Every structure is written in structure tokens, then in C-alpha cells.
2 protein chains.
Amino acid sequence: MRIYLDCIGCFVRQALDSARLATDDEQIHEKVVREVLSLAADLDMSQSPPVIGQQIHRLIRELIGNSDPYRELKQRFNRLALRLCAELEERVRASEDPLETAVRLAIAGNIIDLGVKTSIKESDIEKIIRDCLTADFDGQQIEGFRNAVSRAGKILYLADNAGEIVFDRLLIEQLPCEKVTVVVKGRPVINDATMEDAEFAGLTKLVEVIDNGSDAPGTILESCSEAFRGRFAEADLIIAKGQGNYETLSDANKNIFFILKVKCPVIARDLDCEVGEMILGRNEAFRDTVDLVEEAE
Amino acid sequence: MRIYLDCIGCFVRQALDSARLATDDEQIHEKVVREVLSLAADLDMSQSPPVIGQQIHRLIRELIGNSDPYRELKQRFNRLALRLCAELEERVRASEDPLETAVRLAIAGNIIDLGVKTSIKESDIEKIIRDCLTADFDGQQIEGFRNAVSRAGKILYLADNAGEIVFDRLLIEQLPCEKVTVVVKGRPVINDATMEDAEFAGLTKLVEVIDNGSDAPGTILESCSEAFRGRFAEADLIIAKGQGNYETLSDANKNIFFILKVKCPVIARDLDCEVGEMILGRNEAFRDTVDLVEEAE
């Protein structure tokens, strides 16, 4: 997805919010805003929004001299998610369709997104979980997803944020774990999950976890390591979590299922849906694929 | 009030909204956004926000080659307001305290503000009027206002937007009309009221109406005509409508009552109130003034 003009005011606001979250130094807040303005004035609008996010967050880290300013916040979200998930694991197990319940919870976890909104209350998260368990959801998509998972040989699960990654575990537990590799970011960027978060979430004991070598808040292939790009090319099913991965991979010619909660009107327009909707959606290029699962499988 | 860092993302969004409202040409939308970004990157933050608004709207008018791109929209709001006001006039007359009811309606009219939000539905306006008639409102301020009006010799009423100016008439009818001069903008800027709107609202038959010689969406004295500045200096009571007038005059050393509906979090913080509140508030410099009205008056 390319950058829309509507994104630009939002970049400025998000940069300010993130700078404020990282430091109380108002001079740095102003510097960040001014730099983002200069950056945006000469912007190549054919890029995806996370290209700018990557530059903004590099700038913030550099200006405050801290390579991981949101580390404590990420740990707080991880602990909160772990506390909530104890009960939810049981809920998945007891449900009529554990895969669907786990997908719903993985979407609920996607609300923990500092890139969009810096203040999230614990009570909000609990409410969102309840809503996601009961909201309307497209059954056909679930069947398509179930079949694609069954047929796939190599599945890459692109994680999104800390905290959220604990919810992802509930879904990954429903997948054929021996085929799944989880991917986290190579270096810290906002509250995106890194290896430390995958370990905390218990994923490293469950599946292979690799990092993508990049500090972009999405999956910009040119910014990722060669090793990751090889794995991406090889995979026959990609599960991509969150808005950043949607923005960077929506035009990729791969078999991708996007799992996210839509939090911005531009993405909603791109997906032809409403803000707030729960999305389990297949990549444009593979949308009409029907995964016929053979009897023998 | 100076520009806050929070204003900057908002300038970009407002500029885009205004450009879209004025033309469907996407190249102009992009040009406007890029120019606003350059403007903002070197911004003198000690200015008031309407200084930027003035530049943005000059740019939009220049790029689309139309000196009054919102004229039709202003006329539509004027007609809507006139239709609503027929019944409201009666309501003011029949009310226990006509001055207070008229102030409430003048605040309700302040919702017609394209500078803040480009889409306002007719049903929204009707709901806001009902809410404004019953919402909590500080009685002390009304008494202070009533006394200040009684004591004043020369009252300047700084109008804000088209449509809104029809609601202002209801309040002006409650003032000693021979002392009141209404001020409109010297040239079109967004949907701010000009002489044409004052005429439509029936104000020119009721009181003296002058223009301030400026195209700023507020009252930037340096941008106004010398004639207006003289009248401003001479007046012993200023009634200033809307956010733009608050932003430009909140630090002025004059006896000013601001009348507005708070529509942005930065102004809410500056006024120490909540977004959505109805404000009838005196200028800081005169806040502790008690206007003793003598028996004889």
C-alpha cells in the first residue's frame, strides 16, 4: 500500500506522540516534528507508510540516545498479555472451533499498537477481547485459512507487536507447529516484537523463531536480511499480523493471509472495510485461490 | 495563544481537508500538503495558529485560482441557519433570561466551522442547538457579561463564520444595538463571514457592520486595516466569537469576552476545560474585573 496524503498529518502526530512517550525533553519533541516535516515535504509517495515510520523511529532513538526507548512499555504489555492469556488458552481449548477462536484472539491482541495510539488502557484491552470473541466474522475466510494451513509446507508467521505476540501464541498453538517459523524484528522499533518478546511469550520453545534483520515497523523486504528474504521466498504460506505488515506486503505476489484489526481510515479504504473491523483476509494476488485439501491429508 | 507542536499535524490535515473541499484536483491537494510541510518545518512557534491558517488558505486560493472557493458552502450554511433561527428567535423572546438563551445559541452557531471539521450534517447542527440550550453553563459569567455590556460605551462584536453569523444576530438583538459594531473579515478565508454574510443575516439593518481588512481566520491585528485597529483600540468591550479569535486575541490587553464552543484539545488545555465545552469567558487580563453597574443606569 502506498502513502496517501491523509497519512502525512498522521505521521507528524504519531512522531510527536512517540517522541513524548520516549522522553520528556520538549526540545527533542520539537526537533522530531521539524525533521519529520522536512522528510515529508520531499516524500516519495509511492513508498509504503512504514518506510517513513522506520526513518522517524531511527531519528527518535538517535536524538534521545536510546536504542530501545519503549523496552519497559513492551515488557509491561507482555506481562499484561500473559496474565490475560492464562484464561484465554482454556477458552480456545473449550471452544467449538479452536482455530477460529484463536484467530479472533490474535486479532484482539493487535490492539496493542503504539504506532497508532500511544495510550491504551488495560480495561480497553479487556473490552476489546470480549468484543472480538463475539463480533461478526467471515466464516468463509476461516475455511480458506484452514485449508491453506493444511496444504502449506512452510509457514512464516510475521509477528507484529510486543504483548500482541503472547496472543499470537494462542493461534500458533493451533497450527502445525513443525511447519511454522515465527518472524520478529531484527532491531527494536516502537513496540514491535523482537526476539526477547518471542522468548517471553514462550514461542521459542514451541516453534522456530527468526528475526528479519530490519528495524522497519512492517516488512520492507529491501530492508530485511538476505537470510530472511530467502525464507520469505521459500515459504508457501505467510501469515502477516497487523497494519504495518499489511501496508508493506499488500502488493506482494505471495500467498499471504493478513490478520489485523483496522485502526485507520486509509487502511480501511484500501481494504474496503470500516475502521474497527476484524480482518482475516487473503492477499489480492491469491484471493481467488481455492485450497482443495485432499482426503489423505 | 501560541502554536503548540500538537497543532502541526492538524495544520496538515486541515489544509488537505480544505483543499479537497475547494477542488477535486489531486495534484493541487498534494501541492498544498507539500507547501504546508515546508512552511511548518521552519515555523516560528511563537505566532498564533491563524497566522499559518492565513498562509494555507492564501495558497489554496492561489493554486485553484478562485478568490472565494467556499462561497457556495457559506451561502448554504447561511440559508440553513436562517431557517433554524426563525423558530429560535421566538425561543429567545419567550425564555426566562433572553440574554443567556441568546449566548447559548451564539455558541451553538459556532459549530459551523469548516476550519476544524469539513463535514457537518444538518442533523448534527440541530442536535447541537438542543444540547447548547440545556448544557451546564456558568451563571457567574453571564452576570459578568451582562454587567460589562451595561457599562460599555463602544462594543465591537468580532464575528466568526458564515451561518454562525445568523445565530450571532439573535445575541446582538439582546445588546444595546446603538453601541454595537459588528466586524467581519476583509476578504474571504475558509468559511469566515464577510460583509455579504452580514447582509444576508440581516445585521447591516440592525447595527453598524465594518470589515477588518484582513484575510486571516482570526483577528491578527498587524494584518488588519488601520481603520479597524483604531476601532479596536477605542472599544471598551470586545465580544470575540470562535476559536480563531480566541487564538489570536487571548493575550491581548483588552476587555474581551470570548464566546465559543471548544473543538480542539490544544485550546481546551489553554482554557483549562474539556473539548466540547461552551465558553463565555473573559480575557485573562480582565478576568478579575467586577463591572459594578450603577443604579442610575
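Computed from a prediction, not measured in an experiment: that's the story for all the values here. Each chain gets a letter, A, B and so on, in the order its sequence line appears, and its residues count up from 1.
With a 4.5 Å cut-off on non-hydrogen atoms, L5(B) touches chain A through its backbone and its side chain both. For L43(B), the parts lying near chain A are the backbone and the side chain together; criterion is any non-hydrogen pair under 4.5 Å. Proximity to chain A (any heavy atom under 4.5 Å) is shown, for D6(B), by both the backbone and the side chain.
Expressed to the nearest 0.5 Å, how far CG of L37(A) lies from CZ of F11(B) amounts to 10.5 Å. To the nearest 0.5 Å, the span separating CG on D42(B) from OG on S38(A) amounts to 7.0 Å. Here the straight-line distance linking atom OH of Y4(A) with atom NE2 of H29(B) works out to 15.0 Å at 0.5 Å rounding.
Remark: E126(A) CD is packed, more than 12 non-hydrogen atoms of other residues, nucleotides or ligands lying under 6.0 Å away. By the 6.0 Å contact criterion, NZ on K31(B) is open, its count of non-hydrogen atoms from other residues, nucleotides or ligands being 12 or less. The number of heavy atoms from other shown groups lying within 6.0 Å of CG (D44(A)) is above 12. Atom CG of N253(A) has 12 or fewer heavy atoms from other residues, nucleotides or ligands within 6.0 Å.
Of the possible donor and acceptor atoms, one in the side chain of R34(B) sits under 3.5 Å from a partner among the backbone N and O of A41(A).
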